[in-house]
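Here's the structure, in structure tokens; my notes come after.
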Amino acid sequence: WSLAWTLPVQVSKTVMYNSRSSRNVAVIGAGAAGLVAARELRREGHKVVVYERGQKVGGTWIYDPNVESDPLGLEPFRVIVHSSLYDSLRTNLPREVMGFRDYPFVAKEGRDRDPRRFPGHWEVLLFLEDFARDFEIMELVRFETEVLHVGMEEGKWIVRSRKRAGADRDDLLIDSDEVYDGVVVCNGHYTEPFIAEIPGIDSWPGKQMHSHNYRVPDPFRDQVVVLIGSSSSGADISRDIARVAKEVHISGRSIANETIGKQPGYENIWLHSMIKSAHGDGTVVFQDGSSVLPDVVLHCTGYKYHFPFLDTHDIVTVDDNRVGPLYKHVFPPLLAPWLSFIGLPRVLPFPMFEFQSKWVAGVLSGRIVLPSPQEMMEDVENFYSKLEAAGWPKRYTHKMADYRFEYNDWLATECGCSVSEEWRKQMFDATRRNKQARPETYRDVWKDQNLFSQANEDFLQYK
Ligand code: FAD
């Protein structure tokens, strides 16, 4: 079913180009969202500091062969490994769709570059590094500086951070508190695992892990694996593992009854319904009545929004993976525009980050005016009521299946920008259809040559 995007509350919009205010703004995170947020905030005239706990820009796209000590990612005091990338990962969107509006992700020549339309993960990191260099964002970033606490005092935000001074873990740690007018949260949403609940799993003797800690298939050699979930990562990882494993059994909510059984084209992959229970004798039983004796259960079940540093006195909460209340997934009505979130909706990431960032920057300067807190709250409540009426669970609040482009176009219009290009919308849909028809080869076999040509013609204006 499709969920109509809630229309914005109608308010008069006074655009005050001549009275822009410059604010002191902290951005948390130097992934794709933080980088473009920093660019837009500075373009708008704000003073920006980007806090990044890692040593480089790029966030998710920095492949880390290390995994966490707890393979399920539940231990609260574990050392966090930020990225969930696996070694074989190629993008699931064509580069033309993925790139920023005015900084397209075009193929570049160079020894380490990957010119494919669906490149390997390292090419995305190189693209983000190019972006940071070309827009001189590096000078705004404080590396190895983790934000520990963000709280409000007398109408300002106090950001407490910890900088590691030196190369080793045991080196000097320097804590400091700094005061900002605004905080823009860009900490990424693919690090804190969401685990499937399985009746009886506590007495099941096998090994469990989450895809956050999956890197390469070798540890699964000759093993029987139950993989839960059929998202992009689940689909990629199941094929990766099937190259070496004895059996791979995929269990998922979206697996249609008529496809249950051996997956065509594979000797060792089976599709199942949801898991019914796990047992002390090692068996895992599916709702369709079949059962297996796996060595490993691999949860490819997604991630939780997590803001361990944020203290808003419960004005913003995460409830069943709904971050709220947030006006258009960005501003908490009672704290707007001084607190904002970039990147919560899980769709077409980079262009959306860019539109959201332009919006936040313009609102902070006073160039774009928000509705009143009451009006924003009303809009949020209407949106939640629509989700509820449609039977959409809370945890899918930021999943914008059928109105992703309406959302981006709404943001673009708020910011006075042109809406998403027609070729981008069509290419996104063409990719989705192609992926369904050719899940194994959609990255290399495609038929949207005309859209590809249109996109590249369009990109010439940004050279
Ligand atoms: P991140 O890239 O996660 O960056 C967040 C940054 O915040 C990190 O650098 C982190 O170190 C920093 N940080 C966090 N907490 C703190 C703190 N307390 N203090 C200081 N710094 C902090 N998108 C696509 O467009 N195409 C794809 O093909 C695609 N494939 C994906 C595959 C996988 C497996 C995953 C997990 C995601 C994929 N995505 C894809 C989505 C991807 O997450 C986004 O493209 C995007 O990179 C997210 O950017 P971000 O800035 O929101 O978060």
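Both counts, for ligands and for their atoms, begin at 1 and track the order of listing. Keep in mind the model is a prediction, meaning the values are calculated, not measured.
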Q: State, with a plain yes or no, whether a side-chain heavy atom of Val360 is found less than 4.5 Å away from one of Phe331.
A: yes

Q: Name all residues meeting the side-chain contact (heavy atoms from CB on, under 4.5 Å) criterion together with Glu139; count only those two or more places apart in sequence or in a different chain, and write none if there are none.
A: Arg42, Glu136

Q. Quick one: are Asp409 and Lys425 in side-chain contact, heavy atoms under 4.5 Å?
A. yes

Q: Sequence neighbours left out, what passes side-chain contact (heavy atoms from CB on, under 4.5 Å) with Leu310? Give chain and number order.
A: Val150, Phe307, Thr312, Leu339, Phe341

Q) Can you name the side-chain hydrogen bond (donor to acceptor under 3.5 Å, both in side chains) partners of Asp429, sequence neighbours left out? A) none

Kindly print each ligand 1 N/O atom paired with any protein N/O atom under 3.5 angstrom away, one pair per line, or none if nothing qualifies.
{"unit_1": "ligand 1", "atom_1": "2 (O)", "unit_2": "Thr60", "atom_2": "N", "d": "2.8"}
{"unit_1": "ligand 1", "atom_1": "2 (O)", "unit_2": "Thr60", "atom_2": "OG1", "d": "3.3"}
{"unit_1": "ligand 1", "atom_1": "3 (O)", "unit_2": "Thr60", "atom_2": "OG1", "d": "3.0"}
{"unit_1": "ligand 1", "atom_1": "3 (O)", "unit_2": "His82", "atom_2": "NE2", "d": "2.6"}
{"unit_1": "ligand 1", "atom_1": "9 (O)", "unit_2": "Glu52", "atom_2": "OE1", "d": "2.6"}
{"unit_1": "ligand 1", "atom_1": "9 (O)", "unit_2": "Glu52", "atom_2": "OE2", "d": "3.1"}
{"unit_1": "ligand 1", "atom_1": "11 (O)", "unit_2": "Glu52", "atom_2": "OE2", "d": "2.6"}
{"unit_1": "ligand 1", "atom_1": "18 (N)", "unit_2": "Val147", "atom_2": "O", "d": "3.1"}
{"unit_1": "ligand 1", "atom_1": "19 (N)", "unit_2": "Val147", "atom_2": "N", "d": "2.9"}
{"unit_1": "ligand 1", "atom_1": "21 (N)", "unit_2": "Arg53", "atom_2": "N", "d": "3.1"}
{"unit_1": "ligand 1", "atom_1": "28 (O)", "unit_2": "Asn92", "atom_2": "N", "d": "2.8"}
{"unit_1": "ligand 1", "atom_1": "28 (O)", "unit_2": "Asn92", "atom_2": "OD1", "d": "3.0"}
{"unit_1": "ligand 1", "atom_1": "47 (O)", "unit_2": "Trp61", "atom_2": "NE1", "d": "2.8"}
{"unit_1": "ligand 1", "atom_1": "51 (O)", "unit_2": "Ala32", "atom_2": "N", "d": "3.2"}
{"unit_1": "ligand 1", "atom_1": "51 (O)", "unit_2": "Ala33", "atom_2": "N", "d": "2.9"}

**Q.** Pairing of Lys304 and Glu192 as salt bridge, 4.0 angstrom limit
**A.** no

